[in-house]
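What's counted below: heavy atoms across the whole structure, side chains too, no hydrogens, waters or symmetry copies. Not measured: the values here are computed from a predicted model. Note on naming: letters A, B, ... go to the chains in the order of the sequence lines (proteins, then strands), and numbering restarts at 1 for each one.
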2 protein chains.
Amino acid sequence: MLSQTAEYALRAVLYLAERADDGTVRVGEMAQALRIPHNYLSKILHRLARAGVLASTRGKAGGFQLAVPADRLRLYEIVALFDRIDERRRCLLGRPQCSDSTACAAHSRWKQVADTVASFFRETSVADLLRGAEVSV
Amino acid sequence: MLSQTAEYALRAVLYLAERADDGTVRVGEMAQALRIPHNYLSKILHRLARAGVLASTRGKAGGFQLAVPADRLRLYEIVALFDRIDERRRCLLGRPQCSDSTACAAHSRWKQVADTVASFFRETSVADLLRGAEVSV
DNA sequence: TGTCTTTATCATGATAATATGATAAATTGA
DNA sequence: TCAATTTATCATATTATCATGATAAAGACA
């Protein structure tokens with residue numbers, strides 16, 4: 001559903017959100033804890049930082065931390081950096097033009113499904129997921 | 001959402017379903033009409049035929065046709081040959097073990113979304129899509 | 001039989017996603 | 001200043017997806 005890269009990004013952000021006030025976290029720690037290749041994760045975190053989702057500091061005691069409160073950070077802001085979420089919302093049959101007025105065979109039925117997926121990413125916050133975890137555990 | 005290959009397969013089956021009683025259709029015609037690379041489509045159709053979705057005949061007047069009535073052919077049977085639909089239904093965070101009892105942070109919320117997607121493919125038939133087209137055009 | 005048309009299959013290439021390894025740049029603190 | 005630690009970045013390898021080109025095998029029919 002998500003690319004490997006987007007999934008890694010989401011897991012990394014979630015990891016940071018869980019230990020929100022512990023200061024910065026090193027790539028090495030996260031890579032080990034989440035079992036994500038170190039340099040690969042490094043680039044993902046860097047990209048999240050450039051997008052303003054994370055803040056990074058170099059040198060000793062450096063690392064990454066959330067730059068946005070978890071309750072104001074939507075999954076969309078994380079995932080859309082790596083996957084074309086809006087594209088998949090479009091035509092199931094890949095038509096360049098497909099809308100309510102120029103519908104493909106699947107349009108009306110698919111639209112409802114695609115909107116459900118899109119709403120999930122747009123409306124769910126990182127904090128929502130943390131709460132989800134508490135409830136389920 | 002779907003891989004290019006699965007999307008091609010779906011479009012090809014839909015094309016055949018639209019002209020259900022016209023006998024067999026050649027790869028060349030479909031490739032041209034659907035703008036899919038000829039040899040690539042050829043392999044996709046062959047795979048659909050091996051799976052029993054299509055029937056193929058060689059030689060002059062050969063080609064492909066549906067092997068199953070459109071109203072008994074679910075999109076899942078087509079798409080699952082090329083994409084791992086069930087896998088994506090699973091954990092958003094990629095956990096090998098993630099269920100109601102061993103839930104990841106996203107589980108309860110994601111489950112509803114994933115079930116919506118899975119139900120679409122499992123319950124929608126090719127005939128449903130053809131009807132959808134009629135209504136919208 | 002022999003030729004034409006078609007699917008079936010093999011071999012290869014192109015591109016993007018995923019990942020690894022090495023080095024540069026910044027920061028801290030002795 | 002200098003060494004240690006960390007992110008930032010570059011170069012390259014690996015793998016899967018998407019696609020092309022050529023040939024083999026099967027069937028129809030004059």
Enquirer: Rounded off to whole Å, could you give me the CZ-to-P distance for the B:Arg84 and D:dA16 pair?
Expert: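 My rounded result for the distance is 10 Å.
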Enquirer: Please report, rounded to the nearest Å, how far the P atom of D:dT15 is from the OH atom of A:Tyr40.
Expert: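 Going from A:Tyr40 (OH) to D:dT15 (P), I get 15 Å.
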Enquirer: Would you please say whether a donor-acceptor pair under 3.5 Å links the side chains of A:Tyr76 and A:Thr124?
Expert: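 Result is no, nothing qualifies.
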Enquirer: Reckon B:Gly28 touches a base, only the sugar-phosphate, or nothing at all at heavy-atom distances under 4.0 Å?
Expert: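 Here B:Gly28 touches no strand at all.
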Enquirer: Measure the distance from CG on A:Asn39 to C1' on D:dA13 and round it to the nearest whole Å.
Expert: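 Checked: the CG to C1' distance equals 13 Å.
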Enquirer: Using a heavy-atom cut-off of 4.0 Å across all strands, would you classify A:Phe82 as base, sugar-phosphate, or nothing?
Expert: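 It contacts nothing in the nucleic acid.
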Enquirer: Without swapping roles, check the side chain of A:Arg74 against the backbone of A:Phe121 for a donor-acceptor pair under 3.5 Å.
Expert: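 Flag not set: sc A:Arg74 to bb A:Phe121 has no pair under 3.5 Å.
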Enquirer: Do A:Asp83 and A:Ser3 meet the criterion of a side-chain donor-acceptor pair at a distance under 3.5 Å?
Expert: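 A donor-acceptor contact under 3.5 Å links the two side chains.
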Enquirer: Please list, chain by chain and in numerical order, all residues satisfying side-chain contact (heavy atoms from CB on, under 4.5 Å) with B:Asp115, sequence neighbours excluded.
Expert: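 Testing B:Asp115 for side-chain contact (heavy atoms from CB on, under 4.5 Å), a comparison that skips the adjacent residues, returns B:Arg89, B:Lys111.
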Enquirer: Is there a donor-acceptor contact under 3.5 Å linking the side chains of B:Ser119 and B:Thr116?
Expert: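 Not at all, the side chains of B:Ser119 and B:Thr116 share no donor-acceptor pair under 3.5 Å.
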Enquirer: Applying side-chain hydrogen bond (donor to acceptor under 3.5 Å, both in side chains) to B:Tyr15 and B:Glu29, what does each step give before you reach the verdict?
Expert: CA-CA 11 Å; B:Tyr15 184 86; B:Glu29 179 191 327; 2.7 Å; yes
Enquirer: Please encode protein proximity along nucleotides 25-30 of chain D as a string of B, S and -, counting only heavy-atom distances under 4.0 Å.
Expert: BBBS--
Enquirer: Could you pick out which residue, A:Gly62 or A:Ser42, lies toward the 5' side of DNA chain D when each is mapped onto its nearest nucleotide?
Expert: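 That would be A:Gly62.
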Enquirer: What are the 5'-most and 3'-most nucleotides of DNA chain C lying under 4.0 Å from any heavy atom of chain B?
Expert: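 Boundary nucleotides touching chain B, in 5' to 3' order, are C:dT5 to C:dA11.
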Enquirer: Rounded off to whole Å, could you give me the CD-to-C1' distance for the A:Gln65 and D:dT7 pair?
Expert: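 Rounded to whole Å, this separation is 14 Å.
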Enquirer: Taking side chain to side chain contact (heavy atoms under 4.5 Å, CB included) as the criterion, tell me which of B:Thr24, B:Val25, B:Leu16, B:Thr57 meets it with B:Phe64.
Expert: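 Only match with B:Phe64 under side chain to side chain contact (heavy atoms under 4.5 Å, CB included): B:Leu16.
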Enquirer: Whether the A:Asn39 and A:Ser42 side chains hold a donor-acceptor pair (N or O, under 3.5 Å, no angle test) is what I'd like checked.
Expert: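 A:Asn39 vs A:Ser42: no donor-acceptor pair found between side chains.
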